[in-house]
> 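The structure is given below, and queries will be raised subsequently.
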Amino acid sequence: MTRLVPFSLAIASGIVVAGSAAVQAQDWYTFNGDLAAQKYSTATQITPDNVGKLTKAWEVHTGDVSDGTGNKPASDWSATPLFVNNTIYLATPFYRIFALTPDTGKVKWTYDTKSTLKALTQPDLKTRGVAYWQSANPVANEPCQKIVYIGTMDAKLHAVDADTGKLCSGFGDNGILDINRWNTTNAKWPLSILQPPTVYKDTLFIGWAGKDWADSEAPPGRVFAVDAETGKLKWTFDAIPADQAKTTGTADVWTSMSVDRERGILYLPVSSPSPNYYGGNRTERLPLATSVTALNADTGEVIWSRQLVHHDIWDYDTNSAPVLVDIQKDGQTIPALVQSSKQGFLYVLNRLTGEPIYPIVEKPVPQSTIVGEKSSPTQPYVATPQPVVSDKWPGVFGLADLASLGYCSKTAAALRYDGRFTPPSLKGSLTYPATVGGTEWGGGAVDPTTATYVVNSSSVVQIYRLVKRADYAKESNNGNKPGYFAQAGAPYGFHISNFLSPQGLPCWNPPYGTLASYDLKTGKLLWKEPFGEVQKWGFYMPDSWGSVTIGAPVVTKSGLIFIGGSMDSRVRAVDLKTGKVLWKQTVDAPAVAMPAVYTYKGKEYVLFAAGGNAILTPRVSDQIVAFALPNAK
Amino acid sequence: MANQSQPLTHLDEPGAWLMTAGSALGLLVALIDYFWRGDISHTRGVLLVIVSSALLLGAALLLAIRAPHGGLGATLVALAGLDILATGFAAWMLEANWLLGLMIVAAVGWIINVFFDAQTKSVVRKYSPRLQESPR
């Protein structure tokens, strides 16, 4: 762990909580519901007893969808809708904002960024939504006292009036802030703003996404803090030291952040450095890469940082906002955070110091045999809470092996596998957990009243294989074959594939996805159930197989979990106590965005954006759908 | 034995007609699912049940209108039974409950056809002696 600034300084500078986000208790005003990323609703109208009666209240189709067969890339719609200012705000993967009436879905206004719809840094058109700010001291009859922000793949941040949808001319350059103006080192591609900014007091914290698999030398993963009204730069944070930014890059914050509003601390999930799967160009210590890092929200100074993976060569980006929650333990109230991860560990830390509440132990790990690589001799392990995926890979799936006439077992035997953190190799390494998780960018949810933590996870085995530079162009057809990453500037390109049989069956044992609940007071697993259903050619596989998931759960005070996320295009309500599914509905595509739960005119709604994600299935949609009890008031 | 057949009326072969109704409605439901049921629309699985329902419809119509005699008739009855089982299983895997229900209807029709319909009963008995002991 790296401690760079005494905590007392952070307290002194950030203790004041501004009223700028004067939101109501049952608003859903950030990507994660609130700044603590708890994904928790105090609503109690929908309960485990009546959730079975939940019906569709309204739905809207935005028209912004592409399956990739036309002249646009496919759309990935991972946007959490916001409910604030008595309005639903959502971003589409074509970079438009929709403002909707909360009880009918009627469109109040739309705003079009007119952004280029090209896959500049990502394979698909994607967005994870909008952000919202409102002035603590609004000026009457002045526009832009409440602002909605949307980012684009070409690095433009647009600010529009939340009531009218008109650009706020005082922000950036006539309402648009070009983040790319600050892209000055290794600027090979734009700093795509796909994750909405995190808003705290009068500051926007902006991270970005790029192509950390494409180049060794990539833009360093800078976080920008800008004034919410003007777009003026306040401070920046760099996870890559300046003297190493010439040879590596990224270690960016491409996902959401969380904020301790009382203490003014900003928590960053920092991703891995470039290139993803070879570290010979970055053998110096990069202590802030693949970390969870706490900053003074007013100054950007580092308060503490804990590296979760040393010398990351697996693309184990820290990929979700840490969940902030106070835990009653041993007679004390501990201000804690829970950081979920692709590697399947749940890191429970004191959020003021970064010290672990449950032990984190350095263990020796398998070493790379690749010339030029220098893998870390140890990695941090967490035993409590129980990791969301097992330490050892699940083993060969007999059905797939039988159907493939032994292909799965023969392939497994030919690959390198030495347990967790097996490094990439030339002959191919069986990697588990792999970069798709564990837990993806949604992270977990928590009931703060009981410290019950809920998280969905995937169990996926992938094959990591380095390709000698001399062979790369021919083997990958100049990078045009799927699964090949150039890692330009490194002596090796890279190929990644799911470990599937020739028939497309997973070669590893199910379940492929689970939903689990933990008591954070003790670290104990309360329950763990296969979640979702795998679909192949339309056929649903057994419930016990579960499904790979993207997205996150939401927890309500009444004891329910709402979640989409699975391959089967269904959204579900789950009993928080038992993990049993109490209600499910089919929507138009996998609801990979986390839902929003809000109460409007006395009625509780659960809102899903069912947009799909090509990682799960090719099925995409433009549907936003609200569910409510039919006779509730 | 030469394949002989003779026109029948629905009164003679009620089981085959029930099978026909189940498969015809099943085909309709499968077509609706293929084009309009979001979670399974345009999938190979639904295409499969469209084809199998259509084949079952053809077989059931043949059994109802002009049931073939001899080995051909027995084969047709056996294949219709297998088709019902396979389509029903596929419907269960697709969670297509209407189609599954209609395959159960078709299965009831198939049982009636085998045990009670005049033409099929005689064919089946000839080619499956143990069935002669079955209750009437």
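Each chain gets a letter, A, B and so on, in the order its sequence line appears, and its residues count up from 1. What you see below is based on every heavy atom in this structure, not just the backbone, and it leaves out hydrogens, waters and symmetry mates.
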> Looking only at non-hydrogen atoms, find the nearest pair between A:Gln535 and B:Asp39 and report the distance.
NE2-O, 2.9 Å

> Under 4.5 Å from any heavy atom of chain A, what part of B:Leu47 do you find: side chain, backbone, both or neither?
neither

> Could you check whether atom NZ of A:Lys528 has more than 12 heavy atoms from other residues, nucleotides or ligands sitting under 6.0 Å from it?
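Enclosed: over 12 neighbouring heavy atoms sit under 6.0 Å from NZ of A:Lys528.
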
> Filter on salt bridge (charged side-chain N to carboxylate O under 4.0 Å, His left out), then keep only pairs touching residues 67-78 of chain B, sequence neighbours left out; what's left?
none

> What's the spacing between A:Tyr540 OH and B:Ile40 CD1 if we round to 0.5 Å?
7.0 Å

> Listed by residue number, which members of residues 91-104 of chain B have a heavy atom under 4.5 Å from any heavy atom of chain A?
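Under the 4.5 Å heavy-atom cut-off, B:Met93, B:Leu94, B:Glu95 qualify.
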
> Taking atom CH2 of A:Trp545 as the centre, report whether more than 12 heavy atoms of other residues, nucleotides or ligands fall under 6.0 Å from it.
yes

